[in-house]
> 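Dumping the structure here so I can ask a few things about it.
What you are looking at is a predicted structure, and each value in this text was computed from that prediction instead of being measured. If you read the sequence from its start, that first residue is 1, and numbering goes on from there. Whatever order the structure lists ligands and atoms in, that order sets their numbers, starting from 1.
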Amino acid sequence: MTELLPSLIPRPVVFEVIGDPFPEPETIDIVATDLSAEIADYLRGELVSRAGLSARVVDDASQPTGYRLALTVDSDSDMADEGYLLNLLPSGGQLIGATAAGLFRGVQTLLQLLTPRDVVAVAGIPSIRIEDWPAFSWRGMHLDVGRHFFPIENIKTYLDLLAAHKMSVFHWHLTEDQGWRIQIKAYPKLTEVGGWRDDGQGGKYGGYYTQAEIREVVRYASERYITVMPEIEMPGHARAALAAYPEYSCRQIPLTVPGEWGIFEDVFCVGSDDTFAFLSTVLGEVAELFPFELIHVGGDECPQTRWLDHDWCRARVSEAGLSDPRQLQSYFMRRVADILGDCGRRLVGWDEILEGGLPDNAVVMSWRGVQGGIDAVRAGHDVIMSPTSHCYFDYYQAEAGEPKAFNALLPLEKVYEFQPVPDGLTSDEARHVLGGQGNVWTEYMPNWSQVEYMVLPRMCALAETLWSPGQGRAFHDFRNRLPRHCQRLRDMKVNFREPDSR
Ligand code: ACM
């Protein structure tokens with residue numbers, strides 16, 4: 001029995017055994033209220049499909065036919081956002097969320113307690129009391145669909161995996177040099193041309209999401225209490241867009257969608273107002289599709305070679321009163337922040353956007369270490385920590401014997417050491433650290449199975465650093481829970497890297 005108890009990932013904050021385990025019921029009656037009805041339906045579906053149990057949704061007045069499990073949202077409770085209470089006793093169970101999101105997070109704990117099936121069959125259901133809430137609201141996972149394209153069935157699997165680990169944000173990296181993946185009705189060539197590249201074998205590689213598919217993903221995510229943040233890359237990493245519309249580049253010459261990886265010199269022209277009119281239309285359509293307040297516009301790895309060589313861009317320096325051409329990037333970002341502001345949105349960018357000054361209200365995603373995040377917090381900005389040192393799941397998982405990956409190492413144990421709030425911040429500053437995020441750049445992930453392999457089990461470790469980073473957390477304890485959890489992943493029919501044997 002004790003083996004089952006510690007196998008929850010992420011680890012709950014408070015966990016008490018309050019009696020002997022009891023036999024698995026034949027059927028479960030999920031007692032729902034108006035506020036919990038949708039989540040009750042979700043739980044019923046998962047109990048049937050994932051745990052192989054029989055379950056039905058009933059109301060309070062119905063005659064019991066099985067184990068009664070009451071799901072409620074208590075908006076008067078003083079629990080933290082996304083917090084929940086779970087009591088399981090032989091006589092019945094109770095799951096109370098502070099919000100619907102909290103109830104949903106509690107449902108994930110319940111599903112973990114009922115799986116894997118082999119454990120349940122042997123041990124039964126534990127009598128427990130759990131009180132749980134997250135340390136950080138931003139528990140993010142990114143996915144690059146530009147380098148390789150994955151259809152929405154795969155995206156839904158990703159969201160299911162995020163949900164199972166209580167992650168809260170899906171950062172959808174929708175445009176890249178190697179592919180533009182979001183339909184924009186005003187500019188059809190973005191996907192007709194920018195969505196495809198030579199596959200190096202005489203054919204084409206690519207694809208894109210229609211706006212209807214994007215809405216479907218946003219809906220699917222919201223049913224899992226996951227926020228979707230789109231990323232539309234600019235001014236760099238935009239070769240696919242410029243292959244479709246070269247008039248928004250400095251040289252205005254025909255360009256291809258590249259099939260190789262790297263940093264390219266042709267970027268959006270900062271000297272032309274037409275560029276900003278184009279981006280305004282694009283971002284307007286993006287804002288219609290994604291209800292979330294934050295829109296990520298990249299800002300990383302943008303060479304200025306073409307700008308410095310271009311009359312219009314050089315003219316922009318004096319016209320905008322910049323003291324140095326290197327401020328052009330910051331000028332670009334301020335104009336884009338204004339466009340987003342007109343749509344009621346806030347700009348998120350990689351930490352390069354700090355160079356030359358940040359737009360008001362901008363949120364910084366710190367990836368080149370944590371210093372960018374520290375600087376941004378001290379300037380009063382919100383920050384998401386996603387440093388390469390702990391959060392880059394395109395890096396190798398071990399020194400040897402691994403499939404081709406980006407040439408750097410990030411083993412599971414290192415992910416587990418992640419601390420989103422760096423030492424030395426005051427508590428006021430620390431409040432601006434919204435949380436952390438794992439990044440999944442897919443240059444070397446040509447198929448979905450490889451994405452799962454690179455993400456798991458590193459995301460399991462990340463989830464715990466973001467949900468339950470408190471005192472007493474230890475890698476060996478996490479590592480002991482992992483084999484059971486891997487059985488859950490097998491039951492979900494996803495690929496993962498087998499943890500190293502101890
Ligand atoms: C990044 O990894 N270039 C944000």
> Measure centre to centre between the rings of His485 and His165, then say whether the value is under 6.0 Å.
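Yes, ring centres under 6.0 Å apart.
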> Whether the Thr210 and Gln183 side chains hold a donor-acceptor pair (N or O, under 3.5 Å, no angle test) is what I'd like checked.
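No, because no side-chain N or O of Thr210 sits under 3.5 Å from a partner of the opposite role on Gln183.
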> Where's the contact between Met365 and ligand 1, heavy-atom distance under 4.0 Å: side chain, backbone, both or neither?
neither
> Taking NZ, NE, NH1 and NH2 as the nitrogens, is one of them in Glu413 or Arg479 under 4.0 Å from a carboxylate oxygen of the other?
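No.
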> Identify which one of Phe292, Tyr158, Phe290, Trp350 satisfies the ring pair (Phe, Tyr, Trp, His ring centres under 6.0 Å) criterion when paired with His171.
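It is Trp350; the other options fail the test.
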> Can an N or O of Tyr392 be found at a distance shorter than 3.5 Å from an N or O of ligand 1?
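Yes, since at least one N or O of Tyr392 sits under 3.5 Å from an N or O of ligand 1.
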> List the closest protein heavy-atom neighbour of atom 3 (N) of ligand 1: residue, atom name, distance to the nearest 0.1 Å.
Asp300 OD2, 2.7 Å
> Using atom types as modelled and distance alone, determine if a side-chain donor or acceptor of Asp144 lies under 3.5 Å from a backbone N or O of Gly146.
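Here the side-chain-to-backbone pair exists.
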> Within a distance under 4.0 Å of any heavy atom of Trp441, pick out the atoms of ligand 1 and give their elements.
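Once the distances to Trp441 are compared, the set is 1 (C), 2 (O), 4 (C).
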> Hey, which atoms in ligand 1 end up nearer than 4.0 Å to a heavy atom of Glu301?
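Selected atoms, number and element: 3 (N).
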> Are any of the N/O atoms in Trp367 less than 3.5 Å from those in ligand 1?
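Looking only at distances, the answer is no, because the N/O contact criterion of under 3.5 Å is not met.
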